[in-house]
Amino acid sequence: MSAWLQRWAGWRRARTLQRRPIPDPLWEETLVRFPFLTRRPPAAVQRLRELATLFLARKEFAGAGGLDVTDEMAVAIAAQACLPVLELGLEAYDGFVGIVVHPEPVAARRETMDEIGVVHRYTEELSGEAMDGGPLMLAWSDVVGAADSAAWGYNVVIHEFVHVLDLHAGRTGPPRRTGEASWARALAEAHTRFVERVDAGEDTFLDPYGAEAVEEFLAVAAEAFFVAPAELKLEEPDLYRLLVDFFRQDPDADLRATSSGAV
Ligand SMILES: [Zn+2]
């Protein structure tokens, strides 16, 4: 980007933050509703608010199934979506604009062909879906339950937006401090170990759905990383460190610092 373009982008950003800020009561209400957003230093919470403001200016929400997307809903989605990119920037989400919000999970028809060429048709309940180029789909019933479902490390908004981030990283090179190849190898190894545990019938804190594919493993692990970091770190310390490298955040350290009143 040229110096001029950079100045222009900076000016537009400042203007959006000034003209269309998320109103104080709405932001406060969002933090109360989703307590995991606040478990970081005040400066990081402020940055999250700014990113969410810019996110709202760049994205278009549409309700499906008769749902009217309110400001409260849009801010709830924006704030959670911005957590994974808090230290990486919003550019990773630039590849799409539309976010479609359904009242409840959606039944989607699927078709797969097995190795002997037989086609299997089935329906699948989707709480969210991210596609390359968008739009991104979310079920509001799951989004609004995020405070409760944090106890078992579940968060549909984070899951879908980490897919978007991961697709972007695949195209532009990963936003990772460590070497790309060794990072990807370490994630694949962690996934293999996880599949073995799931196959052995072990109880895992992480959603066994993560065994499906390494992309799902990353998305599922990221959910726990942001909403239940202590539990994830206890069960998967190596995976936790990989995610610290990926997201350039340490939610468990932030949680300890904020709960001891040191921040
Ligand atoms: Zn997924």
Side-chain angles (χ1 to χ4, degrees), residues 34 36 55 59 64 76-85 88 92-96 98-102 104-112 120 122-146 148-171 174-176 183-184 186-195 197-199 204-229 231-232 235-236 239-240 242-243 246-247 251:
F34 305 104
F36 55 85
F55 179 97
K59 299 291 177 242
I77 292 167
Q80 296 180 69
C82 288
L83 259 192
V85 292
L88 303 172
Y93 297 162
D94 280 352
F96 75 103
I99 298 169
V100 181
V101 189
H102 290 258
E104 301 282 338
V106 175
R109 261 186 277 186
R110 296 289 194 232
E111 223 176 73
T112 54
H120 300 266
Y122 58 99
T123 53
E124 193 180 21
E125 281 266 288
L126 293 179
S127 300
E129 190 170 43
M131 279 171 285
D132 208 3
L136 189 138
M137 189 281 276
L138 292 166
W140 176 249
S141 56
D142 284 47
V143 177
V144 77
D148 293 334
S149 66
W152 58 94
Y154 175 76
N155 187 293
V156 67
V157 178
I158 292 172
H159 183 103
E160 299 309 334
F161 277 87
V162 166
H163 279 316
V164 174
L165 178 59
D166 192 27
L167 285 166
H168 174 84
R171 277 192 302 269
R176 296 159 190 160
W183 191 94
L187 182 70
E189 283 164 8
H191 178 240
T192 304
R193 287 195 300 274
F194 184 69
V195 172
R197 290 182 58 206
V198 170
D199 285 350
T204 58
F205 178 72
L206 273 188
D207 189 341
Y209 181 63
E212 294 269 318
V214 72
E215 298 80 16
E216 296 305 337
F217 184 59
L218 177 62
V220 159
E223 295 177 59
F225 182 72
F226 286 108
V227 302
E231 289 81 353
L232 177 68
E235 184 174 280
E236 295 263 9
L239 175 61
Y240 184 87
L242 287 175
L243 298 182
F246 188 89
F247 294 109

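Order of appearance sets the numbers: ligands from 1, and atoms from 1 within every ligand.
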Tell me, please, if Glu160 has any N/O/S atom, main chain or side chain, under 2.8 Å from the Zn ion (ligand 1)?
no
Hey, which N, O or S atom on Glu216 ends up closest to the Zn ion (ligand 1)?
OE1
Run the ring-ring contact (aromatic ring centres under 6.0 Å, His included) test against Phe36 and tell me which residues pass, sequence neighbours left out.
none
Ignoring hydrogens and angles, state whether a donor on the side chain of Glu216 or His163 is under 3.5 Å from an acceptor on the partner side chain.
yes
Considering residues at least two apart in sequence or located in another chain, which fulfil the side-chain hydrogen bond (donor to acceptor under 3.5 Å, both in side chains) criterion with Glu125?
none
Within rounding of 10°, what is the angle whose vertex is the Zn ion (ligand 1) and whose arms end at NE2 of His159 and NE2 of His163?
100°
Do the side chain of Trp140 and the main chain of Glu104 share a donor and acceptor less than 3.5 angstrom apart?
no
